[in-house]
Each structure stands twice: as structure tokens, then as C-alpha cells.
Amino acid sequence: MKKHLVLALVALVAAVVLVPAAPAAEKPPIKIGFIAPKTGNFAQFGLDMLNGFKLYLSEIDYMIAGRKVELIEEDEGATPANAVTKARKLIEHDKVQLMGGLLMAAAAYAVAPVVQEAGVPLVITVAASDDLTQRKASKYLARVSLTGGEHGHVAGDYAYRKLGWRKVAVIAMDYGWGHEVTGGFQRVFEELGGQVIQKIWTPVITTDFGPYVASLKPEADGILDVVTGAASIRLIGELRKAGVLDKKKVLAAGTATDETLLTALGDTALGVLTFLPWSQALDTPENKRFVERIKQVTKKDYVGFSGAINYGAAMWIAEAIRQVGGDVENKEKFFQTLRATEIKSSPRGPIKIDKYGHIIQNIYIRRVDKVGNLYQNTVIETYPSVSQFWKYNPEEYLKQPIYSRDNPPCRHC
Amino acid sequence: MTGHAGDGGATPAVQCEGVTRWFGGLEAVSQVSLSLAAGERRAIIGPNGAGKTTLFRLISGEMPVTAGRVRLFGRDITTTPCHRRTQLGLGRTFQITNLFPTLSVLDNLVLAALGLGRTKFSMLRPLWTYPEPRARALETLDTVGLADKRDAIVRTLSHGEQRQIEMALALLTCPRVLLLDEPTAGLSPAESALMTRAIQQLDRSITILLIEHDMDVVFDIVSRITVLHLGRFFAEGSPAEVRQDPRVQEIYFGAGEVTAC
Amino acid sequence: MDVAATRAPMRLVTGLAVALVILAGLAPVLPSYVVILMTEGLIYAIAAASLDLLLGFAGLASLGHSAFFAVGAYTTAILVTRHQASFGAALAASIVLAAVASAAIAILVLRATGIYFMMITLAVSLCAWGLAYRWVSLTGGDTGIVGIPRPRVPWVGLASGTLSFYYTVLALFVVCLALYLLLIWSPFGKTLVGIRDSESRMRVLGYNVFLHKAVALVVAGAFAGLAGSLYAYYNGFVGPSAVDLAHSMQFVLMVIVGGPGTLVGPLIGAFAITFLEKMVSVFTERWVMVLAAAYVVTALWAPRGMLGLLRAAR
Amino acid sequence: MEFWVNQTFNGVSYAALLFLLGGGLTLIFGVMKIVNIAHGSFYLVGGYLGVALVAATGNFYLALLGAALAVAAGGVILERVFLRAVEGDDLRQMLLTMGIALFFQDACLLVWGGDPFNLRGPAYFAQSVKLGGFTFPILRLFMIAAAGVLFVVLWWFQEKTRAGAMVRAAIDNAEMTEALGINVPILKMAVFGLGAFLAGVAGVVGSAFMGIYPGLDFEILPYAFVVVIVGGMGSLSGAFVAALVLGLLDNFGKALFPEISYFTLFAPMAIVLAFRPTGLFGRA
């Protein structure tokens, strides 16, 4: 027994020692580290991230600018501490030239300084917290996913101008994403003349939304819903059962009706409006091609948002590497190029990066519809090339504190 | 109800006044009063469920009384915590052997020797560098005749040896009053005789309160007996008086429960 | 002074010294990821051993130990990022605050014993998590506190490299280990074992059992605070996951897997679980399965933990 | 008025779920004196099996029964094969149940993937009944009924039957029970199976109510613990009262003071424990 344990440990250590000693080719491969959750609550999300990212790499045969690409996947696990340890491993042990992935905002915040210190470019492909590319922006960091604030801005504008709402009740998860979407929404919506009359913050783990739904103010014209993941099924189900969805429109942050949830949501979500930089139903040739290809990998009818944006991330990274002729060893040049790289068309539309490192992309307003036997997020409106600063001056914008529970304060509650 | 023993002038070593203990709706000990003069040796007898062990627990402070008062050498200790009562000179053994089973015999005794000093809070010096508790432990080990077992783990000892250590632990706390809860429980007749002699030979200044079912042991050791029945004081007197009391015989001897087990 | 009594301790010290020399000597030639994990292993070893004082020695199976670990971690994070505290000051403050928190909790939890003690400490753990999560102005909420730089160590300078930080942690580990050994050999350490074996007997021997348990909780809390402080430096950030139930459970598992009541066992357990999680996950995403199997196997066939197995093999 | 009726109803239905979760755990606690970390896994497996059986049979009640029985059988096997081997050592038991919990966590991820499922109940679950001007969703009514029926049956079993008396005796004093000639090993196996059965029922009912997804096992475990701790370990009535109190407190806490949402469950627990370390109905 003891011998086996010792042997197993020795074998593990030996494997780690020996793997990098493999014979080096003339042009060593470009090493990309990728951190995504493979276990725990977000395992499926992480798997989808990897599916999307790897789909693009396999389409180009893992070759960019004549160099082989080696993708080293690490499990983000359930805690940010895990992600930091894995980031250190990728930097110090595998000596990756670029790091991608990261789902949890806390993990991204924790990993960013480590990567920055080592001078390795980090491309965040999911984590959405505003400040990663705002008040805590760092030189080697770029993000090709989304932020809460930018989505809130769009939603605020849409709610006031297109939906004609004047009074809104918000029900949002009590963490960064919820605070930032709500904050962005409230700022734009109230500057246009609307009023946020109620903000309900729900704990991340909420088993029963009944009490919250029952206490929504009836005078609200509509509801802003910033609840994601499996909890979204409960909230939307509860909104439906309580009759709220029959009387009012619900505008939800996009992942609330992510394609991966549509089966579970079923008819309850019909008519819910959401905003996100992508939809499986987005009617462009690039997207149709992508959806078809990824379905062959996943064997599922529904394609998750995280797969799509990670496919785009891989496209964008590969394009940057091509532009430096595969010379990723020249870190400064590589990173400057990375930030200047533009893609005219990807499954979600064009991609470019602002000078703070965040993506500028289209944001779509979608509606949950049923087409045949399947549900979809039908795109009904496009906000093209949205900046994380909306229409504000970035410098002015950054002087204000980050959106939080109490910023902007609820003046009309 | 109150049984006065000894002379009225000196302060009693132990005095219980109307001691009562409830368990839920059940009155385990009810209005028991007794008084022991210093140096007296007294037995408490009574059939199962008489509340003997519970009374011990109330005197030693392992359990709070529901009503009544307990005094030790005149001092009211009714609300004094158990460990303080030990420091005031109250020692106790348990009916069901209660030792430190995973420790060696010596460590058991050393722990007992440490109980009253300040050394027990020392954290940064190994125990073996303190000669005094060790010496006392070894001395006691010799008296109970277990010197050759000093490094044995207590769990591995025979029942008889464990009963001896039970007694040794109590003695190491330098008691002025000693509560012995069936010291011969489970012992062979030979072991029982040895134990009885050991108790007889204890310093005469130690006041002893003894629970015992073995009447031979009781007669060898004590001069007075208190009888409890169903949690209440029932009778008191010299061993001969109690033995001849027909009421006691009825509840106790008559039932034929008492044998030298 | 009893010479015979020192024989087993001296053997233990010799064994540990050899292990420490190996840990120190091997680091420069090992891959950096292994050294990183060894650093983490050492930090968890300090924490697991402190829990062993409670769980293994005093018989207090606390499911809330991560609370004190987290007090240390948050204290360091706050002092370093907001007040530019030095390494020594951060460590000292973390230890003191964790000890104070421990003393406060002791009053609440020590009313319960056995499985009830487990449950009430579990409640402490849940409440502590809620506090870390909700007290945003102090703890930074769900994102926690980031940007804790590596410490500036006297005589060494900035311990920013993997190796220099490893040796810093190793040095503190050696200090802790020495203190742990003194503690378990001391009269006080013996009283804890006595309490584990029989509280009622300890009471009638004149021990204030509550006080001894409380002191044990405070001491263990202080060490956990130290480990937490190092953990903050190690990760560069602290978040609510440092306080959650899973983390508390992890400490308990390290102690049980290693062998409770042995001090050395939890050190082994801390290393084993750290490497199992972080090393196996490099090779397979089914590492949770491997961990599960390891727990089941240990529970069924290693009643005294891994240390027990090693001893049996000898 | 509508607010109070609605919220009380919500609170009671939430309490029903809490009782289903905690009831099984409290029985296992009481009789076996173990911290069963795998209780959340029973819930999870029950939920997933329920989803699969609804898909296969199309009948919710069949799925409910089938899934719960399967989980109960699994519990019995686990008790016999694993827990029996480490009896009397609560730390090893905890380690073992932790291992089992991790195993099921990963196995479920492997088998069912990570996307959330919603268990489809009968069509009328999505409807409501109107009574005196108030609306009551049928799913919530069903939860209350399920918990109520199970409580009454279990209470009757425990208080009025011989087997139940044995369970009560085992909760109070296992050694004495053994001495009375009751086959304690069989009893423990049965109780563990019963506890697993309840968790399985909770899993199916819960999945119809709030969906099912990986990680839910460890998300709901604290809730089960809270019910057991507040109610007192081993007390079925305690679990019932605790679930009701906590369900209502949680519901009104969230509705009236959303700021304290995090503490509506844990704060009452801390307060109860501070005054009664053995819980409301627990015996030391």
C-alpha cells in the first residue's frame, strides 16, 4: 500500500520533470496555456470554453505562421487560489508564451498580477468584471469577452428608447456581474430620464426566488433580471408562475437564457428579452458555419455562449500571431500587435480592442422564441461596436468609482 | 431526616443539606441531607437506582444540584466548579473505570500529579524535564505495586490493575475527602481483599465516603452507613444497626440482591 | 530529567530533521511547479498541524478552522495592500487577530461536545463565510483582495522568486514545527490528550477543562492565522473561498488522512492532498475521482491515516 | 394581506423542501451518529435519476418512487459495504462519506454532463389554484403535501410502531438497545436506507422545483445541516419544526429585509446553538 503510494507520487513527479525534456524541433511550438474549470459547478462552462477554443485551433491544424501550437489545459477548479497556482505552473514550468481562458472574475483578478509580473500576455476569454480592463487594467492583459457595465449601458438605452420603460425594478445576483450590469443600466437609464425604483440583490446561492418575486413593486413598467446559470431557471420559472411574465416584459442579462439553459427553461422563458454579444440564431454565414462545426464536436442541439466567444478568441489570437510572423518570443511587439489586431468577421461579428485592452464588439438584443421543437434567442436588434465606456469619455468615466451595490445609489427606491 | 454524625463541635468535612437533583420529570436525588465529620468513614448503600452515584456527582460538582446546598469543611461549594472542589481537597474514584486509556500508566499518574500545580499550563518545556510530578507519580506507582507496568498503555492492563490506577489517580490529588464509587467493582475476591486493605491503610485523616455493594468490604472499612432508597434518605446507623433494621432488609437485603459479587 | 522518556522524541526529531534537510536540499533541483506545490504543502501543513492540536490531541473536531486561517489571510491582505505593512508586522498582526477571534469563538463553541461541537463549529464556518462575502468594505466581497506582493524578508530582501519564497515559508515552518513539538511534549500538551481521553476524569483531577480547551483553541487559532498570512502572500490574493466550508473540510481531511493525534501525520496529509489535487489535475480531469478513491481507501484500510500505514510497514 | 398570504405560503412550501432535505439526515445522525457528507449526493443522484426516469416513463410519480427507491437501495449498499467497516470512528466515517460524495459528484458530471436540467413534472405543476382571491401554484402545494404526508407517516412509524420504538431507542442509547436484543446493525442499515430514500424524494421534488446541475450536492448540504442542527439531531419533530421556522424566517427575512438575505438561515442557527447547543428538540 505504502509502496504504491510512493511509486505513484514518484511517477507523477517524474512525469512533470520529464515532459519538457522532449526533443525540441527546429522551431519550437508556440505554447498557449489555457485555464478553465473542468471540475466543480462550472465544469460544463469550462468544457464549452475549451471546445470553442480548440475547434478553431483544429481548423487550422494547430499551425500558425508555420509554427506548431501546443495548448496546455489546466483546471481552474472551484477556487481562485487554484487558478493562481495553475497560472504559476503554466508560467514557470511550461513557460507558455500566452495565457488564455479564465471564467471566474475573482480568479481573473487574482491571476492578472501574477501574469503581469511575469510579462506573459493574458487573454481573458470569459471573466467579465469591469475593472480588469478599466481601473485595474494592466499592460499585458486583453479581454475578448464582455463586461457587465457595457451590457448594462446597452440595456438601459434599449429599455428607455425601445421598450419605453420609465420605471424599472431590478432583481440581480449579489456579486460583481450583478452589480455592474445593474450599475451600467441604471446610469444610462436614469440619465435618459427613467427611474430605477427597486433593486433586489439575491445571494448567489438562492434556492427559492418566491419571496423576491412576490415583493417586486407592481408599478414597475418592466423587470431587469441579472441572474445567471441554473438560478436563472428558478427565477424565470418563478416569474412565470407568479404571472409577472404575462403582464410585463423582462429584460435579462444574456447568460440568463444561454442556449445551454433553453431546454431546462422550456416554455417558461418565451418572450424574455436578453442582451449579449452573440446568439446561436445570429444569422451570419460565419456563425452558421461555426454552429454547424461545433455541433459535430458536442453532439448537442444547443451551443453555449462560452464556446462561441472562445472560438472567436482563438481566431483573434491566431490572427495576432500571424501578424508577428510567429515571433511570439518578442513579447513587446507581440503584445502591441495583439492589441492592434482586428477581425472583420467572427461568429459574433467584428472584433477589435480598445486601448485599455477590452474588446469592442456588437451587442445583440435577443428574444426567446420557439421555432419548431427548438428554442432560440432570436436577434431583434443590434448595437454595433459597443465600447465598454458607452458614449462617455474614458478618462472621465474612470474617475468614477466602479459600479457596485450602492453605486449609483437608488434614488427612487 | 438529617443524620448527624460525630461530635457537634467540629466543622463537618462534608455536609449536604436537602440536596436534590431532577432529570426531566424524574427525581434522582431528593432532599438528601448528610454530614460527615472529619476523618469519618461512611458508606452509602442502597439498591440500584437509589441515587448513590448521582449524589456523588452532586458532591463532586460534576453535575449541578437542582436544589439544596453542599459544604466542604464548612465552605459552601454548591456552585463551585468540579475542578475547584478538587483543589479544595475533594477526591473521587469512578464506578466504571475512568482513566486515560491511550496513555501509559506513568503518564496517567503524572497527569494526576500535575492537576493541582501551575505546571500544567507550561507549553514550551517538555514534560520529562519536570522532576517533581514524575517523582510523585513513581512513588505512588510503587505504593500500588505497579512499578513494572509504568510504560504499559493503560488500555492493555487487566481490570484489576486499572482499578488500582483508578485509586492511585484519586490519591495523587491529595484529597482530604475521598469519594470512592464501588472501588471493588468487578474485582476477584482476592483483588477485592487487597483493595479493601489498601483503603483501610489510608491516612486516617482522610474522610471517606464509600459506595459499595459488597457488604464485607463495607463492614471492614466504615463505621457508619447511610441508606438511600429511590433517591431519598432512608436510614442511617452503625453497620450492625443497619444490618438489623428490618426496613432496610425489606428494601435491600430481603430482595436478596446483595451478594459478594 | 528522564533520559528514557526522551528516546522516542529524539528519534522523531532526527526523522524530521532528515526530512527537512531533504525538503530544503531538493528544492533547487526540482521543477518549479513542484516547488510551488511544496510551498503550498508547507503552508497547509502548518494549518493542518494546528487543527491536529484540537482534533487529534484535544479531541475537538472543529469544522470551522478555516475561519481563523482566513482571519490571518485577510489581516495580512488588508494590512499589506492598504497600509503597506512589513512582513513581520503583517505576520504578527495576523497571529494576534486570529488568536483573538479564536478566543471569542471558544466561548461560544465550547459549550458543546462531541458531534455537537462539530456542528456548532460548522455553523461558525458558514457564518464566517457569510461575513467575508458580505462585509464588502473590509473584505472586498466576492472578488476579495488582490495585489498582495511577495514579502520583503529580513536579510533576504524581496522573496519574489519561487525558491526564495519557498525557503521563507520553510524557515517559518521549521519554527512552527519546533513550537508544535515543544507543545505536544509539554505538560499542557499532555493535558490535552487527557481531555481527549476523559474529560470527567480531568475535572476531578482538578483541571479546568474549559480553560484548557479554550487555550488550545487560541493557540491553534494563532498558528492557523500564521498559515493564513503566508497563504495570502503565496496566492497574492484572498477571497471568500479561503473561509468556506470546503476549505474547513479540507483541513479536517488532511488531518484524518495523515493520522490524527500524531502531529507528523497531518504534515504528510497536507502534502498528500495538495499534491493529489494539484498534480493529478495536470494529468487527468478526473482528479476528483482519484481524490475520492484516496479518501475511501484511507478510511477503509488506513485507520490511523497514512502515518499509521508507514508505521505498520516498518 | 395578499403579501402576507403569499409569503406565508411560499415560506411553508420552502419549509417543506427543507424538511425533505433535513429529515433524512437527522434520522441518520440520530441513529448512526455520523456526519454524512454524502447526503447532498443522495439528493443529487435522486434528482438526476428522476430526470432520467421521467424521460423514460413519462410519469412523474413513477419516477419519484423509482428514483427514491434506487437511492435508498444505494444507501443500504453503501452502509453495508463501506460504513459498516468504519463503525464507531466518526472521523473515518466523515472521511469515507466525503470520498463517496466526491465520487458521486464526478460520476454525475461524467454521466449527465454539466448543463442544468429541469425535471418536468405533470402539466398541472405549472398551474395554480385560486382560493379566496389568492393564487397558489400547484407545484408548491405538492411540495407541502409530500412533506406533510412523509412527516405524518414517519411520525406514526416512529411513535406508534414497534420498529419505530426501536429507532427511538437507538437514537437515545445504542448500547442499551443492543442489550435489549434488537438487531442494531440491521436497524442502522434500514435507517440509513430510509434517510437516503428521503434524500432521493427531496432530490426529485427539489429538481422539479429548482432544477438540477452539478455542484448542487454541496450547495444544499449546508441547508440540510442547518435543519438538523436547529431541530436537534435525531429528532424528526425537531426537523419538522426547524424546517417550518427556518422556511418562514428565510422567506420573510428575504422579502422584508433583503439586505440580510445571507444570514436568514445561518443567524437563527447560531442563536439557537448559543442557547441550546443540542438544538431545539435535541437531547444531550
Side-chain angles (χ1 to χ4, degrees), chain B residues 56-57 60-63 81-94 96-104 106-108 110-131 133-135 138 150-151 154-155 166 169-170 172-175 179, chain C residues 1-10 12-13 50 53 56-59 99 175-176 178-216 218-220 222-223 259-262 304:
Chain B
F56 262 31
R57 288 189 176 160
S60 71
E62 290 162 77
M63 190 181 274
C82 178
H83 66 274
R84 287 281 305 140
R85 299 188 197 195
T86 307
Q87 288 159 9
L88 292 172
L90 191 66
R92 175 203 205 299
T93 69
F94 291 86
I96 298 164
T97 308
N98 187 352
L99 306 172
F100 308 113
T102 67
L103 293 180
S104 71
L106 184 61
D107 279 346
N108 266 265
V110 167
L111 264 182
L114 281 173
L116 296 180
R118 299 294 305 162
T119 317
K120 60 190 171 190
F121 285 111
S122 162
M123 283 186 206
L124 295 176
R125 224 178 99 185
L127 182 54
W128 61 81
T129 63
Y130 291 93
R134 205 182 126 74
L138 285 173
R150 54 171 253 184
D151 292 322
V154 160
R155 197 174 33 207
E166 183 76 35
L169 290 189
L172 272 164
T173 61
C174 309
L179 311 180
Chain C
M1 173 89 181
D2 173 22
V3 182
T6 62
R7 228 169 272 144
M10 283 309 125
L12 181 61
V13 167
S50 75
L53 293 180
F57 286 88
V175 173
C176 289
L179 290 172
Y180 283 140
L181 287 175
L182 285 175
L183 187 74
I184 62 166
W185 294 330
S186 73
F188 181 75
K190 202 58 97 181
T191 64
L192 295 186
V193 181
I195 289 170
R196 178 191 71 195
D197 273 12
S198 171
E199 269 187 42
S200 52
R201 171 56 86 173
M202 285 301 274
R203 276 197 201 96
V204 303
L205 289 179
Y207 290 94
N208 184 347
V209 169
F210 178 89
L211 186 60
H212 282 251
K213 283 183 180 176
V215 171
V218 170
V219 170
F223 278 110
T262 58
R304 280 154 208 280

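Fair warning: this is a prediction, and the values are worked out from it, not measured in the lab. A note on names: the letters A, B, ... follow the listed sequences, proteins ahead of strands, and every chain is numbered from 1.
- There is no contact between B/Pro81 and chain C, counting heavy-atom distances below 4.5 Å.
- In this structure, CG in B/Leu90 is found 5.0 Å from CG in B/Leu179, a value given to the nearest 0.5 Å.
- Using a 4.5 Å heavy-atom threshold, the side chains of B/Trp128 and C/Thr6 count as touching.
- Between chain C and the options B/Leu127, B/Thr173, B/Leu99, heavy-atom pairs under 4.5 Å are most frequent for B/Leu127.
- At a 4.5 Å heavy-atom cutoff, the contact between B/Arg125 and chain C is made by backbone atoms alone.
- Pairs passing the salt bridge (Lys or Arg N to Asp or Glu O under 4.0 Å) check and including a residue from residues 115-124 of chain B, sequence neighbours excluded, do not occur.
- Sorted by first and then second residue, the salt bridge (Lys or Arg N to Asp or Glu O under 4.0 Å) pairs with a member in residues 186-197 of chain C read B/Asp107-C/Lys190; sequence neighbours excluded.
- For the set C/Val204, C/Val215, C/Leu183, C/Leu211, the count of heavy-atom pairs under 4.5 angstrom toward chain B peaks at C/Val204.
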